[in-house]
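Encoded as structure tokens, the structure appears first; notes follow it.
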Amino acid sequence: MQKIINSPKKQKELNFLIIVSVLILALLVISPEATANSNPEFSGSPEMGSVSEQAHTKNQEETGDSEDILTSYEKPETLQKISQYINMIYTAGGIGAVALFLLAYLRTTSGDSGLAKNPVGNSLRYLNPLKILKTEGSEKTDQEKLEARKLRFLTAVPVLSITLAELLIFSGRMGAAVWIHICTLIALSLSNIVLKDPEIHKIYQAFMLLPILRLINLSMPIFYDTTLYTFIFIYGPLAIPVVVIVLHQRDSLEQMGITLKHVVPYMFLSVPLGFVIGLGEYLTIKTGYLIPDLTFTNMFKLIIVMVFFVGLIEELIFRSILQTRLKNALGMWEALLITSFMFGLMHSGYGTIQEILYTGFVGFIMGLAFYKTKSLPFIAVLHGFVNVFLFGILPHQLSLWPGF
């Protein structure tokens with residue numbers, strides 16, 4: 001296992017980069033117009049939003065309501081000016097808030113944050129050897145229990161915060177959810193001001209990726225008629241903070257599951273497993289398709305995007321980083337339950353509790369498979385082919401059958 005380096009300078013550089021990313025995302029998504037016009041079905045899930053928006057537009061064209069909807073968003077000149085001033089105030093407020101957080105962080109971490117001495121350990125020198133052994137053993141046991149409770153409590157804080165934001169998205173309150181995700185991201189990035197435990201820092205760095213995933217998804221507009229290319233603009237930028245955190249935490253390749261061991265049988269196994277899981281999810285939410293037909297060119301594009309962008313990046317976040325970090329701190333089963341819960345919750349934008357429960361179950365299966373195989377390529381390809389069947393093959397084939 002490689003040696004983990006956590007110098008104050010590297011921690012400061014990482015937090016500065018995260019804060020800058022928060023500022024950029026805040027300027028994109030905290031605007032009142034952006035949050036007011038957000039469609040929860042469109043923005044809620046990185047694997048479903050654009051399909052819902054495309055279906056919504058298609059329904060408008062079929063019913064002839066597009067002109068009425070467009071005119072309903074037109075504003076008088078006075079209201080437009082007021083809206084512009086409000087946007088300017090929100091932008092200035094976002095910049096000022098982030099600047100104040102950054103200033104407070106730099107002032108707090110400028111001094112020497114040495115570790116406190118252990119007064120109990122110093123006083124033990126004056127006791128006899130037998131009492132020293134008994135006291136040290138008792139103190140060690142109590143200290144370990146206290147540290148375990150503290151670790152679980154501090155882990156529950158970002159879990160509850162992200163859960164609240166995603167439940168707000170599930171209920172359609174997009175604006176409040178955006179603010180909670182932004183505040184959560186800022187709080188996690190500045191947590192090392194008051195928390196000095198390196199293990200907590202690594203856990204919080206892993207949890208930072210979930211609000212970043214959601215905020216990038218919410219701030220990404222549609223550029224193409226076919227929404228397949230939107231995934232490149234979502235998961236491409238998302239790869240930057242993922243790589244930064246991976247390099248900072250310096251876990252070994254084996255811990256992250258980056259290995260070619262048994263890769264050939266895993267690749268063959270991922271296709272039928274992807275079909276079974278994808279079929280179950282399709283029957284749960286009845287998705288639309290991302291490609292117009294099943295030609296070789298369209299299928300090749302779909303596989304590339306779903307495996308190397310969606311599958312790889314999401315599995316790096318949830319399995320290689322978050323699950324691995326929680327396993328090292330809390331144990332395998334707690335890590336598996338928390339990670340699968342968060343994985344299901346991040347699909348709240350579909351708007352159905354069945355999808356959250358199903359994807360949570362799928363996350364548990366993938367997490368268990370990752371723990372047993374230690375193979376990121378297997379899990380990433382499996383995840384990718386679930387989406388290939390879900391958004392490509394099954395919508396085209398099953399739509400021809402009665403009842404589908």
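Each residue takes its place number in the sequence, starting with 1.
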Should [X] and [Y] count as side-chain neighbours, where that means a heavy-atom distance under 4.5 Å?
X      : Y      : result
Leu238 : Ile317 : yes
Phe170 : Ile356 : yes
Leu290 : Met306 : yes
Glu281 : Thr359 : yes
Leu357 : Phe361 : no
Asn298 : Leu294 : no
Ile203 : Leu151 : yes
Phe207 : Val159 : yes

Other residues, nucleotides, ligands: >12 heavy atoms within 6.0 Å of Glu147 CD: yes
Results of side-chain hydrogen bond (donor to acceptor under 3.5 Å, both in side chains) for Glu315 - residues two or more places apart only: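 Per chain and number, Glu315 pairs via side-chain hydrogen bond (donor to acceptor under 3.5 Å, both in side chains) with Arg319, His383.
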Verdict with supporting geometry, Gln249 and Arg325, side-chain hydrogen bond (donor to acceptor under 3.5 Å, both in side chains): CA-CA 10 Å; Gln249 297 199 353; Arg325 186 54 52 209; 3.1 Å; yes
Lys/Arg-Asp/Glu bridge criterion (N-O < 4.0 Å) met for Lys327, Glu334: no
Under 3.5 Å, is there a donor-acceptor pair between the side chain of [X] and the main chain of [Y]?
X      : Y      : result
Thr339 : Leu336 : no
Ser348 : Glu166 : yes
His201 : Leu195 : yes
Lys286 : Tyr282 : no
Tyr235 : Leu213 : no
Ser320 : Met256 : yes
Ser161 : Pro158 : no
Gln323 : Gly367 : yes

Whether His347 and Tyr350 hold their rings parallel, tilted or perpendicular, with breakpoints at 30° and 60°: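 The rings of His347 and Tyr350 lie parallel, inter-plane angle below 30°.
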Parallel, tilted or perpendicular: ring planes of Phe343 versus Phe318, cut at 30 and 60 degrees: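 It falls in the perpendicular class, over 60°.
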Atom of Val381, atom of Val307 and distance for their closest heavy-atom approach: CG2-CG1, 4.1 Å
Spatial distance of atom OG1 (Thr155) from atom CD1 (Ile338) [nearest 0.5 Å]: 6.0 Å
Interatomic distance, Ile245 atom CD1 to Ile212 atom CD1 [nearest 0.5 angstrom]: 6.0 Å
Cation-aromatic face contact Lys202/Tyr204, 6.0 Å, 45 degrees: no
Aromatic ring proximity Tyr266/Phe378, centre distance under 6.0 Å: yes
Sequence-distant partners of Phe389, ring-ring contact (aromatic ring centres under 6.0 Å, His included), two or more places apart: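 Checked Phe389 against ring-ring contact (aromatic ring centres under 6.0 Å, His included); matches are Phe275.
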